[in-house]
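Excluded from the calculations below are hydrogen atoms, water molecules and symmetry mates; all remaining heavy atoms, backbone and side chain alike, are included. Every chain is numbered from 1, with letters handed out A, B, ... down the list of sequences.
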Amino acid sequence: MNIISLGFILFLIAAAVIYYITPGKVQWVTMLILSIVFYCLAATPYTILFLLFSAVTAYVTGLVLADPKNGDPLNGFNKKAASAAAIAIILNVGIWFLMKGSAYWIQLSAWLHARASVIPAMKAVPIAAAFGMGYYTCQTIGYIVDCSWGTTKPEKNFFKLFLFLSFFPQLTTGPISRHEALAPQFYKGVAFSIDNIERGAQRILWGFFKKLVIAERVSVIVNAVYGNPASFTGLWTWIGALLYPIQIYADFSGSVDVVIGAAEIFGITLPENFNNPFFSQSSQEFWQRWHISLGSWAKDYIMYPVLKSKRVVALTKSVKKKFGKRASKLTSLGIGMFCTWFVMGVWHGNYKFIVGCSIWYWFVMLMYEVLSPFLSKVNAVLHIKEDSFSWVLFRRVRTYVIYAFSMVFFRADGISEAIVMIKRMFNAFSPSVINLWIFTDGSLYKAGLTKFDFTIILVSVIVLMIAAVLRENYGYARNWIAEQGLVFRWFIWIALFACVIVYGEYGPGYHSADFIYAGF
Amino acid sequence: MSRKKAISTIVFLILVALVTLFLSNLLRDKTSRSGKNEYFNAKTDFDALYFGASRMHEAIDPIYIWQNYGVSSYNLASAGESIQITYFVVKEALEHSHPKVVFVDSAIISDEKDEINCGYGFVHQSIDALPLNQNKLDAIKYAGKFFDGGMMAFLSPLYAYHNRYEGLTKDDFKIDYNYDKGAYMVSTFREVREPAEFTDEADTLKGGDGTVYLTKILDLCKERGVQCVLVDVPVPGNMFSLSRQRHMNALKVLTEGHGGVYMGFNEKDADIDIDYRYNFGDSVHLNYIGGNKAADKLAKYMTDDLGIEDHRDDPSYAEPWKADIEKYRAQCIERAVEQTDAAAYINWLRSDDYTFRMYVKDKDLLSTQYAMDYCIDKYDVEVIEDIDEEQVGNYDMKIEVRRKADGEFAAKQFFKYDYNGKIYMKAE
C-alpha cells in the first residue's frame with residue numbers, strides 16, 4: 001500500500017476510529033494489531049517473520065542486559081551480555097546484508113567471477129525482503145546499544161517492543177525513531193482530539209502537495225534526461241541534475257510529512273527528518289538538516305563509538321604529539337566522518353551511493369575543514385562580509401550544487417552512467433554543445449512537461465520557499481497559519497487541497513512512482 | 001471537543017466538499033454525461049429505449065421517431081460502450097422508466113473471457129451519469145478490474161479528469177442541458193463500400209464476458225416484461241467480414257433462445273434501403289439520413305408488431321415533447337457553428353421548419369463538394385450566384401437560414417472554398 005493512495009487514507013480513517021474507541025490503556029494493543037494488518041496489506045505478508053526475528057533478537061538481548069547478574073551500563077557488562085548484544089547486532093546486520101544489501105555481494109561476485117571463473121557468480125535470495133528493513137534494523141540496533149548504554153530501559157513486554165519496531169506509518173520511509181522517545185508515547189493513552197486530527201491532516205496534505213504536485217511533475221523531466229542521456233546534451237544535463245534535488249526533497253520530505261502527519265492523528269510525535277536543508281550554507285550543515293534521523297543515528301551509533309574507541313584515541317594522541325592539535329583534530333574528524341559516511345553509504349544499498357555520496361561528501365567536508373583557515377583569510381583579504389545576503393546566497397547555492405553533483409550518482413543507473421553524465425555536464429558549456437536556445441525556442445516544453453507544468457513547478461517551489469522561511473521563524477509554517485484569521489486560514493488549506501486534487505499527478509494512465517526512500 | 005470547534009470543523013469539511021464538487025463538475029469531460037444525465041433526472045416514462053455503442057447512439061433519433069410515429073423514446077447509447085457496461089445502464093434505466101421495448105446494439109459483444117472491449121474514457125461516458133447506488137458500484141467494480149486505479153478510477157470524475165485543467169474552455173463553465181433525447185446525430189457525408197459477402201453460418205459461442213452479459217440483459221428484460229431487441233445497425237463494407245457475420249448469426253441464435261428478437265440490418269435480405277453513397281457520416285457510422293432509415297424500421301416494429309400507440313394526440317405526451325423539440329431546435333441553431341463544412345451545416349439543421357438560401361461566388365464549384373448537390377436537392381436549397389461583396393464579403397459562400405413559418409432570420413454561416421480538398425469549409 002502506497003502511502004499516497006486512497007487506500008492508505010481509508011486505512012488511516014478506519015485505524016483512527018478503531019484507535020479512539022479503544023480504552024487508553026490498551027490503545028497500544030490496537031496500534032500493534034493495526035500495524036500488523038498494515039504490514040500484511042502493504043508488503044508480502046510472510047516477510048513479517050524477518051521483522052519478528054529482529055524483535056526477538058532485540059527483546060532477548062534487552063532481557064540479558066536487564067539482568068543485574070550480567071552487569072549494568074555504569075559498571076559494564078559481563079562477557080555473556082556483551083556477546084549477546086554483539087550477536088544480536090551481527091544477526092540483524094547480516095540479515096539486512098543478505099536481503100537489502102544483496103547488490104553488494106551479487107555485483108562483487110559477478111565481478112570476481114568475470115576474472116576468475118572458479119568463483120561462482122551469486123544470485124539474490126529467492127525470498128522477498130521485509131518491508132522497511134533498513135529502518136527497523138537501525139531502530140533494533142539503536143535499541144540494543146541504548147540498552148547497553150543505559151539510555152533506555154530494556155522492554156520486558158515483547159509485544160510492546162514489537163510495536164516500537166513495527167509502528168505502521170514509519171515503516172514506509174522512516175524516520176528512524178529512538179526507543180526512549182517513541183515507546184512511552186504508545187502507552188500514555190490518547191483521548192480523541194480534533195486538534196490531533198487537524199494537525200495530522202494538515203501535515204498529510206502538505207506531504208501530498210510535495211509528492212504529487214512537485215516531485216512527480218519534476219520527475220518527468222529528470223527521468224527523461226537520466227533515462228536517455230545520449231539525446232539530452234548541453235544544458236539539458238544541468239537541467240536534469242539541478243532539478244533532481246528538488247524532486248528527491250519533495251518526494252522524501254513529502255513522504256515523511258505523510259508519515260509524521262499519520263502519527264500525529266494518533267497523538268504520536270515522530271522525529272523530524274528535514275529542517276530546510278536547502279537553506280544550509282555548508283555541506284556539514286546540510287547533512288544536519290537532511291535525513292536527520294539517519295544522520296544522527298550514524299553519528300550516535302557509529303561516529304562517536306569509533307572516536308571513543310581505544311585505537312582511535314591512541315592514534316589521535318600520537319598525531320597530536322607529532323603534528324600538533326589541529327592535525328589531531330583533523331585525523332579524528334577524518335576517521336569519524338569516514339566511518340559515518342561509509343555506513344550511511346552502505347545503508348543505501350548500492351556501490352554508487354558509496355562512491356558518489358559517501359566518498360564525495362567525506363572528501364568535500366574534510367577539505368572544507370582543512371582549508372577553512374585559508375578560506376577565512378581569503379575572505380578577509382577580499383573584504384567579503386560573511387553575513388551579507390549575497391555571500392549567504394552564494395554559500396547556499398554552492399551547497400545545493402555540491403549536493404546535485406552527488407545525486408547524479410544516486411539517480412544514475414550505475415557508476416559509469418553517472419560519470420558519463422558528469423562529463424557531459426562539464427562539456428555542456430563548450431561552444432559546439434551549448435544550447436541556450438532551449439529556453440527560448442520551446443524545446444524545453446518538448447521533454448514531457450508543458451509550459452504550464454513549468455509554471456506549476458515554479459510557483460510550487462516558491463510556496464515551498466515561503467513555507468521554509470515561515471518554518472525558520474515560527475517553528476512550523478502551519479503555526480503561522482494558525483495565527484491568521486479564519487477566512488485566510490481556511491483559504492490557505494482549501495487552496496492547497498484544491499491544488500493537490502487538480503494539479504496532482506495521479507489518475508489513469510499515470511503510475512505514481514513509489515517513494516524514492518520507500519525501498520530502504 | 002468544544003461545540004464551537006465541532007461546528008467550525010463541520011463547516012470547513014462542507015466547504016471542502018463543495019470545492020471538490022465544483023472542481024469535479026468543472027473538470028469532468030462534458031461529453032461524459034450528455035444525454036444520460038437528462039434521462040436519469042427526467043420524470044417522464046418512455047415507450048422505448050435504445051442502448052449500446054456509437055452506432056446506435058448516432059443512428060436512432062427519438063425526436064424523428066416521435067415526430068413521425070408518435071412513439072416516446074430515449075437514446076441511452078454512448079460511444080465505445082461494450083455490452084457488459086450496457087447491462088448496467090439497462091438495469092439502471094429500467095428503474096427510471098417502464099418501456100415496452102429496449103433495443104440493444106450488437107456492435108461490441110465480445111466472446112472472450114475477461115475482456116471488456118471498451119476504452120477507459122468510454123466507460124466513464126457510459127457510467128458517469130448513473131446515480132450512485134449498488135448497480136453503479138457493481139458497474140464500477142466490474143470495470144475497475146480492467147483499468148489502472150481499479151474502482152477508484154471510476155468512483156470520482158476528478159480522478160479521471162483532474163488533469164483537464166489545461167484544456168478548459170468557456171463551455172466548461174456553462175451548465176448545459178441537452179434536449180436531443182440522448183441521440184448524437186451525424187450530419188457529415190462519406191461514401192462507403194457496400195458489403196459484398198454473406199453467410200448463414202454461425203459461430204459456437206464460448207461463453208465470454210460479452211455473451212454472458214447479453215444473456216443477462218435478455219433475462220433481465222424477460223423478468224421485467226420488456227421486449228428486448230438486439231439490433232445490428234447497418235455498417236459499411238469496410239467493417240464487414242464473414243467472421244463478423246458468423247458472430248452476429250451466433251448472437252441471433254442466443255438472443256432468440258432467450259426470448260429476444262434479432263434485427264439484423266446487415267443480413268443479405270435485410271429489409272432496409274441503405275444508400276452507401278449518402279447514408280454514412282464516416283467509415284463506421286450512419287449519418288442522420290441513414291439513421292432515419294434504421295429508425296423507421298424500429299418504429300414500424302414498435303407500432304405494427306408491439307402495438308405501441310401513437311401519442312401525438314395525447315396532450316400529456318405531446319405538450320412536453322413539443323416544448324422540448326422547440327428547445328432542441330434552438331440548441332441545433334446554436335450548435336450549427338460546430339459543423340465544419342457547408343453540406344454538413346445544411347444537413348445538421350435539416351428540419352422542415354427552415355428554408356435555406358445559399359449565396360455563392362462560383363456556382364460551378366458546388367458540385368465539386370461531395371454530397372452538396374444531394375443536399376441542395378434534398379433540402380430544397382435556394383442557390384444564388386454572382387452576388388456582390390456585401391453578401392459574402394471575403395468568403396466564397398454564405399448560407400442563410402430562415403424560419404419557414406414566418407420567414408424570420410434564424411442563422412447564417414460563411415464558408416471558404418478549399419481548392420485542395422474541394423470542399424466549402426466553415427470560415428472562422
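- When each of Gly504(A), Ser5(A), Gly7(A) is checked for heavy-atom pairs under 4.5 Å with chain B, Gly504(A) comes out on top.
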| message | I'd like to know whether Trp493(A) forms a side chain to side chain contact (heavy atoms under 4.5 Å, CB included) with Val16(B), so could you lay out the CA-CA distance, the side-chain angles of the two residues, the decisive distance to 0.1 Å, and finally the verdict. | response | CA-CA 9 Å; Trp493(A) 291 118; Val16(B) 169; over 6 Å; no
| query | So Glu166(B) and Thr450(A), side chain to side chain donor-acceptor pair (under 3.5 Å) or not? Walk me through it. | reply | CA-CA 10 Å; Glu166(B) 279 193 80; Thr450(A) 63; 3.0 Å; yes
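- Only the side chain of Ile456(A) comes within less than 4.5 Å of a heavy atom in chain B; its backbone stays farther off.
- Heavy-atom distances place both the backbone and the side chain of Ser8(B) under 4.5 Å from chain A.
- Using a 4.5 Å cut-off between heavy atoms, Val19(B) contacts chain A through its side chain alone, with no backbone atom that close.
- In this structure, Lys145(B) places its NZ atom where more than 12 heavy-atom neighbours from other residues, nucleotides or ligands lie under 6.0 Å away.
- Under the 4.5 Å side-chain criterion, counting only non-hydrogen atoms from C-beta, Val11(B) is in contact with Trp490(A).
- The minimum heavy-atom distance linking Tyr506(A) with His162(B) is given by the pair O-NE2, 2.6 Å.
- Counting non-hydrogen atoms of neighbouring residues, nucleotides and ligands closer than 6.0 angstrom, the NZ atom of Lys188(A) exceeds 12 such neighbours.
- For a residue to count as touching a neighbouring chain, one of its non-hydrogen atoms must lie under 4.5 Å from one of that chain's; by this rule Ile501(A) touches chain B with backbone and side chain alike.
- The CZ atom of Phe452(A) sits 6.5 Å away from atom OH of Tyr165(B), with the distance rounded to the nearest 0.5 Å.
- Using a 4.5 Å heavy-atom threshold, the side chains of Lys5(B) and Asp195(A) count as touching.
- Contacts of Tyr120(B) with chain A are made by side-chain atoms alone, with heavy-atom separations under 4.5 Å and no backbone atom involved.
- Interatomic distance, CZ of Phe12(B) versus CZ of Arg489(A), reported as 9.5 Å (0.5 Å rounding).
- For Phe491(A), the CZ atom counts as loosely surrounded, since its 6.0 Å shell holds 12 or fewer non-hydrogen atoms of other residues, nucleotides or ligands.
- Contact annotation: the side chain of Tyr159(B) never approaches that of Leu6(A) to less than 4.5 Å [non-hydrogen atoms, C-beta and beyond].
- Contacts between Leu27(B) and chain A at a heavy-atom distance below 4.5 Å involve the side chain alone, from C-beta outward.
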